[in-house]
Structures are given as C-alpha cells and as structure tokens.
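What follows is a short report on a single structure.
As the structure lists them, so they are numbered: ligands from 1, and atoms in each ligand from 1.
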Amino acid sequence: MNIQGTEKQNVYIPLQQTNIARIALIITLMLTLGVSGLLTMTFAARARNTQDPRVSIDSNRSTIQLEAQPSPTPLLLPSPSPGDPYVQTGPLPPNLSQAIAYLRSQNHLLYNGNTFLPEIALTFDDGPNPYYTPQILNILQKYNVKATFFCIGRLVAAYPALVRQEYAAGYTIGNHSWSHPNMALLAPASIQLQISKTSDAIEVAIGVRPTFFRPPYGRMSVQELTQVYHDSLTTVIWNDEGQDWARPGVNVIIQRILRLASNGAIILMHDGGGDRAQTVAALPFIINGLRQRGFQLVTIQQMLMDLRHYTNVPTRDNTPPGSPLPLMIFAAWRHEPVK
Ligand code: ZN
C-alpha cells in the first residue's frame, strides 16, 4: 500500500519546510550584509572625496572637478618655515637635464605649483629696493595679497628692515644670490659663496635661513644645482612673466601676465634692479585680473605645501621631466643686471 509512502511524505514535508525556512533566512542575511557593505563603501568613498573641499569627483563623467571659488583659507605659515628643508648630500645626475628632472621629481625644483589648484604665486626679484619695494608692499597689503620676494644678498645687508617688513607680513623670503651673477658660469667655490653669504644676510635680517633659491636669469648648471641641493634649498623658476624688466608699458605687462595665467602659475616680476614704476602701476590690475579669473594668490611656501599635500590628484607640474625649458627663461636672460 501507500502507508510507507504517506509516512515518507509526512516526514519529508516538515523537513522541506524547515529547509526552505533555513534557506530563506540565509538569503535574508546575505542580502542584509551585502546592502550594508555597499552602503559602508559608498559613505567611505564620499568621506574620502570630500576631504579636500576644492576637489570633487564626478562619477558620471569620470572627471576631477575643481571649484575655482570659494577656496579654503590657506594655512599661512611664516616663511621660510623652520624644520621644513630637506637634507641631501648625495650627487645629482651629471647631465643638466637629468639633474633638473630628478630635482623636479622630488619637488626640489619648481617651474610651477599644483596645476589642479586655482592658485598662483606672485614673485618679486632683485630687491629689496628702498624706493620701489615699499610701494609694492603697500599695494600687496592694501589688496591683502601674499607674495614671495627673491632678494639679492648684498641688498639684504644694506636694507635689512625692508626684508623684516616683508617677512613680518607673512611673505616668503628667498635667496637670489649675493650680487646677481650668471651662476652657471661660476666655479663651485664662488657659487657656494654667493648662496651662503645671502642666506647668512637673510638670517641676520629675519632670524631664519631661507628655504628657496632662484638662480639669477634662470641660468642653471649642475654645479650650481648641486650646491643649492646640498644647502637644502628648493630652486624656484617661473612660467609666467610680463617682462617688466624691459619696461614694455603698463598695459603690455598686465596683458602678458593675465594671458599666461593658469593653475599653479609662478609669476615673475621685479621690485628692484632698475626703474620699476611700470611694475608698481601694473600690480593692482594684475591682482584684480587674477582674482576675477578665480585664482587665489599664495606664497611659494604655500604652493610647495599644496604640491605635497594634495596627493590624490597628479601633482608637480604639467611638463614632463626633461622637456625643453620654457622660452620665457631664455628671454629673461637678457634682463638687466643689478647695478
Ligand atoms: Zn634677478
């Protein structure tokens, strides 16, 4: 008969019901864990992406977007920043382009700052000058702009109060050699003297040694870069200038600088070394023009910190290492020597 079969059915039905209940429970658990895991990953990713308020990832377009404004208030450190310099004693590559490429890869040589950030550095060379530097300082303070001064050592020794005033205002003070020679042509002992005497004079004036160096005329040699490297200085060139040293006219200076302005630009101007009346007249228009385009004006110290800090986007500069030097450097070689 079917007694045996009925018993089997009676036994299996509860068994099947129990198994179905277990399977349903496991599926429910897996779904719950999966959904909560996904939520956790999403929130973690959102938290990571929002750490830098200036950078947002657009997942629909797979692009990195930067908001020109508003930018966060920069961390303004007095500069040069004590404790920041790197220490290097090893040799650089013997070839100049390789030495430059190596230093750039370490952020020890800059043509520009972070090209993903809407910030620009105004830099003034060949001062301090007792006539023009105070005028530049007045404009910078009136517009609440941070800037960088690459000073001539012998002028620092002559006018230390002006350098103290620059430093007290939160500006970065850099070394621009003692007497503005073409240092690429000097012997190692002379190079060392040009750099160390200037750093000494700056230290006497403001109490700390500089951490940045700009070669006169932008001229570089392996011997020069090696000395700079061993003195823990970061070399700063530029990628935007109006050739104000040639006095081409106020409007020309303004237009050239604004045309070349871009994220991470380092702008070269002069507060010494000759008649700088056109630079003084152009400066307010340059500041307003850059701000209208959404750029924040920062010191070289801030620019270097932002290169190191924002590691979630490609940093350093937009020119591959070893590429030809920007043309404006060759143009700047002609700029008049300091008298
Ligand atoms: Zn110079």
Side-chain angles (χ1 to χ4, degrees), residues 80 100 109-112 121-133 135-137 140 147-159 162-163 166 171-186 190-191 193-199 201-202 205 210-221 224-225 227-228 231 233-248 253 256-257 260 265-280 282-283 286 299-300 325-339:
I100 290 172
L109 190 154
L110 311 178
Y111 283 94
N112 53 268
L122 297 179
T123 65
F124 297 91
D125 285 15
D126 300 353
N129 177 290
Y131 187 69
Y132 294 108
T133 302
Q135 295 182 57
I136 301 271
L137 286 174
L140 294 176
T148 300
F149 290 85
F150 286 97
C151 300
I152 306 284
R154 65 177 180 81
L155 297 175
V156 175
Y159 308 107
L162 282 175
V163 183
E166 290 165 354
Y171 305 153
T172 296
I173 310 298
N175 180 326
H176 193 39
S177 82
W178 180 258
S179 58
H180 209 278
N182 177 353
M183 287 174 56
L185 302 177
L186 297 185
S190 302
I191 293 170
L193 205 61
Q194 286 280 336
I195 295 172
S196 62
K197 274 182 78 177
T198 304
S199 288
I202 291 173
T211 56
F212 296 100
F213 169 76
R214 173 170 280 165
Y217 314 104
R219 293 299 303 270
M220 293 178 277
S221 68
E224 180 186 3
L225 290 177
Q227 186 62 51
V228 172
D231 282 0
L233 293 159
T234 296
T235 300
V236 180
I237 313 295
W238 61 90
N239 65 349
D240 184 355
E241 68 159 332
Q243 299 181 356
D244 62 331
W245 47 267
R247 296 191 285 278
I253 294 172
R256 283 175 180 167
I257 286 178
L260 289 171
I266 298 176
I267 295 177
L268 169 67
M269 286 183 279
H270 295 82
D271 65 323
D275 178 350
R276 301 304 177 217
Q278 291 186 6
T279 308
V280 171
L283 186 55
I286 292 166
T299 63
I300 289 291
L325 302 182
L327 279 178
M328 65 276 296
I329 289 171
F330 294 95
W333 288 359
R334 297 195 305 269
H335 96 265
E336 63 186 272
V338 175
K339 297 174 191 74

In terms of relative ring orientation, are F124 and F149 parallel, tilted or perpendicular, with 30° and 60° separating the classes?
parallel

Indicate yes or no for a side-chain donor-acceptor contact from R154 to the backbone of S179 under 3.5 Å, with no hydrogens or angles considered.
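No, R154 side chain to S179 backbone: no donor-acceptor pair under 3.5 Å.
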
Report yes or no: does D125 have an N/O/S atom closer than 2.8 Å to the Zn ion (ligand 1)?
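Looking at D125, which is the residue asked about, there is no N, O or S atom under 2.8 Å from the Zn ion (ligand 1).
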
N/O/S from H270 sitting under 2.8 Å away from the Zn ion (ligand 1):
no

Could you go through Q278 and L283, starting from their C-alpha distance and side-chain angles, then the distance that decides it, and tell me whether this counts as side-chain contact (heavy atoms from CB on, under 4.5 Å)?
CA-CA 9 Å; Q278 291 186 6; L283 186 55; over 6 Å; no

Do D125 and H270 have side-chain atoms, one donor and one acceptor, less than 3.5 Å apart?
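Their side chains do not contain a donor-acceptor pair, so the 3.5 Å distance test is not met.
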
To make sure I understand the geometry: which N, O or S atom in D126 is closest to the Zn ion (ligand 1)?
OD1

